[in-house]
Asker: 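I am attaching a structure below and will ask some questions about it afterwards.
Since we're looking at a predicted model, the values are computed, not measured. No hydrogens, no waters, no symmetry mates; every other heavy atom, side chains included, goes into these values.
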There are 2 protein chains.
Amino acid sequence: MKILLVDDEYDILEFLSYNLKKEGFVVKTANNGKLAVDIAQRFKPDLIILDVMMPEMDGISTCSEIREIPSLSDVLILFLTARAEEYSELAGFAAGADDYVTKPIKPKLLISRIKALLKRTSNKSQQKVINIGDLHIDIDKYELMFKNNKIHLAKKEFNLLYYLMTVPGKVFLREDIITNIWGEAHVGDRTLDVHIRKIREKIGENYIKTVKGVGYKFDI
Amino acid sequence: MKILLVDDEYDILEFLSYNLKKEGFVVKTANNGKLAVDIAQRFKPDLIILDVMMPEMDGISTCSEIREIPSLSDVLILFLTARAEEYSELAGFAAGADDYVTKPIKPKLLISRIKALLKRTSNKSQQKVINIGDLHIDIDKYELMFKNNKIHLAKKEFNLLYYLMTVPGKVFLREDIITNIWGEAHVGDRTLDVHIRKIREKIGENYIKTVKGVGYKFDI
DNA sequence: AATAATATTTAACAATTTCTTAACATAACA
DNA sequence: TGTTATGTTAAGAAATTGTTAAATATTATT
């Protein structure tokens, strides 16, 4: 796991860097926001630890800027903040922070928070194979099996079904599905329905359920 | 969810108001800061959208003033700002803003930011599953179970029952129920009763009780 | 590069569900 | 007993999703 550490104080960089490396993380450091953005793009860290208070470009601006970069859009960001600066908490989350740790920093606490953070997200996204009923979906192989028979799904169909299967039973809102599968691109009103139809043709009508006025869910 | 929109340009008020209402928000508008503070105190919005640049009393002053008023101290505030005025970002957060959106405004983006903002703050106490007696309601699944059998409810019915179940025993005023489920749309006098009837048909007559002259409550 | 094969989106219309209304009935209350 | 608020029902309006086929895009193949 790779971590990029950003703080203007050299002592803190040293101190944290030492503690994180001891835990087995690969660590790089930057002493200002601009540099951090540069390094991040090449280093591709799993997590960026950002000090909120920095001269020139503060943590929140840095965070916002990072979130604008597509290749870094889902890197985790953790803020370090002095206890007094409570105002920044919401601003930070608004800018896309994933967690907060207040100074003074206790290494043990920080590390447990980091691990929790990495676990939380890796658990979600690392579910590469999902088995439900007679269905078996594998994101790495881009393959769907139904009662041990391969079923071919086109890319969009696959992504859509996989998305619904990530949380069986949960209703995904139409708009959320569209944002997730199509991004911000504008797609017509009936496009989603057509894809649902195609999937239903292939796996039967029983798995994907419509919740009118809300969205769709995958359920047995 | 109630939103107060503050901008000195009538066109923008119109445009945003239309888009927000379409999303189901209850919207009021003000064309200057002073008026905004007045309206906010009576309207009690969940969110105030403030244009930074306004004659007389600008957005930041308005924001500061609102934050001084105890009854409004935890209303969310979102700033609209022209891309050029980057200077204002820090000033805005210092004054108590919760988020920023830059002009020109893309309605979809604005709405997703608003939702994110409202979600972050309201999610904390939002109960997703409620168990009472033989009833089990799950908002994520949009599902109602009665003695372990699924019962289908249409969206309005579901929302209505869920709303009543959030505080069992509490009498919800007719008008509050209507504002909550329908927003500010004008619905006829008997519409609520009809929905109550439909729910009672499905879960029996014992759960939802009428308090004449006041409203309804969910109780065992 | 041209062609064929797939995939994706759109558009038109159908089918279905949900919601609201209106008219009248009934119950509560003063 | 009259007044007011809520209950009930059924009809049709409105909203949402389903379905199909054709139009575009995209990708693979010769």
Asker: Represent DNA chain D in dot-bracket notation, 5' to 3'. Only Watson-Crick or G-U wobble pairs with both distances under 3.5 Å count; pseudoknot-style crossings use [ ] and interstrand partners use |.
Answerer: ||||||||||||||||||||||||||||||
Asker: Between A/D219 and B/K150, is the closest basic N to carboxylate O distance under 4.0 Å?
Answerer: yes
Asker: Taking atom C1' of D/dT17 as reference, at what distance in whole Å does atom CG of A/L173 sit?
Answerer: 16 Å
Asker: How many Å lie between CD1 on B/I208 and C1' on D/dT6, as a whole number?
Answerer: 14 Å
Asker: Give the minimum heavy-atom separation between B/G59 and B/L50, together with the two atoms involved.
Answerer: O-CD1, 3.5 Å
Asker: Roughly, in whole Å, what's the span from NZ in B/K22 to C1' in D/dT16?
Answerer: 16 Å
Asker: Among A/R197, A/K202, A/K198, whose side-chain hydrogen bond (donor to acceptor under 3.5 Å, both in side chains) with A/E157 holds?
Answerer: A/K202
Asker: Between A/R174 and A/D193, is there a salt bridge with N-O shorter than 4.0 Å?
Answerer: yes
Asker: What N/O pairs connect the protein and nucleotides 27-30 of chain C at under 3.5 Å? Give each pair on its own line.
Answerer:
{"from": "C/dA28", "atom 1": "O4'", "to": "B/K212", "atom 2": "NZ", "distance (Å)": "3.2"}

Asker: Counting only side-chain nitrogens and oxygens, does B/T210 get under 4.0 Å of the OP1 or OP2 atom of D/dG7?
Answerer: yes
Asker: If I take atom CD1 in residue B/I199 and atom P in nucleotide D/dT6, what distance separates them, rounded to the nearest angstrom?
Answerer: 16 Å
Asker: Determine whether B/F25 and B/I114 make a side-chain contact, defined as any pair of heavy atoms from C-beta on separated by less than 4.5 Å.
Answerer: yes
Asker: Heavy-atom distance under 4.5 Å between the side chains of B/I48 and B/T62, does that happen here?
Answerer: no
Asker: So does B/R197 get a side-chain nitrogen or oxygen closer than 4.0 Å to the phosphate oxygens (OP1/OP2) of D/dG7?
Answerer: no
Asker: How close or far is atom P of D/dT17 from atom CD of A/E175, stated in whole angstroms?
Answerer: 11 Å
Asker: Send over the distance from A/H152 NE2 to C/dA7 C1', rounded to a whole Å.
Answerer: 8 Å
Asker: Is there side-chain contact between A/W182 and A/L192, with at least one heavy-atom pair below 4.5 Å?
Answerer: yes
Asker: Counting only side-chain nitrogens and oxygens, does A/R174 get under 4.0 Å of the OP1 or OP2 atom of D/dT16?
Answerer: no
Asker: Sugar-phosphate means primed atoms, P, OP1 and OP2; the rest is base. With that split, encode nucleotides 8-13 of chain C 5' to 3' as B, S or - using protein heavy atoms under 4.0 Å.
Answerer: BBB-B-
Asker: Look at all strands and tell whether A/Y216 reaches a base, only sugar-phosphate, or nothing, counting heavy atoms closer than 4.0 Å.
Answerer: sugar-phosphate
Asker: Mind calculating the distance between CD1 (B/I178) and P (C/dT21) to the nearest angstrom?
Answerer: 11 Å
Asker: In a check of ring-ring contact (aromatic ring centres under 6.0 Å, His included) between B/F172 and each of B/Y163, B/Y216, B/Y162, which one passes?
Answerer: B/Y163
Asker: Please tell me if the side chains of A/I177 and A/L164 come closer than 4.5 Å, counting only heavy atoms from C-beta onward.
Answerer: yes
Asker: Say whether, by atom type as modelled, one donor and one acceptor occur between the side chain of B/D46 and the main chain of B/K2 under 3.5 angstrom.
Answerer: yes
Asker: Examine the side chains of B/N159 and B/Y142 and answer whether a donor and an acceptor come within less than 3.5 Å of each other.
Answerer: yes
Asker: Send over the distance from B/L161 CG to C/dT18 P, rounded to a whole Å.
Answerer: 15 Å
Asker: Less than 4.5 Å apart, side chain to side chain, heavy atoms only: is that true for B/R200 and B/I196?
Answerer: yes
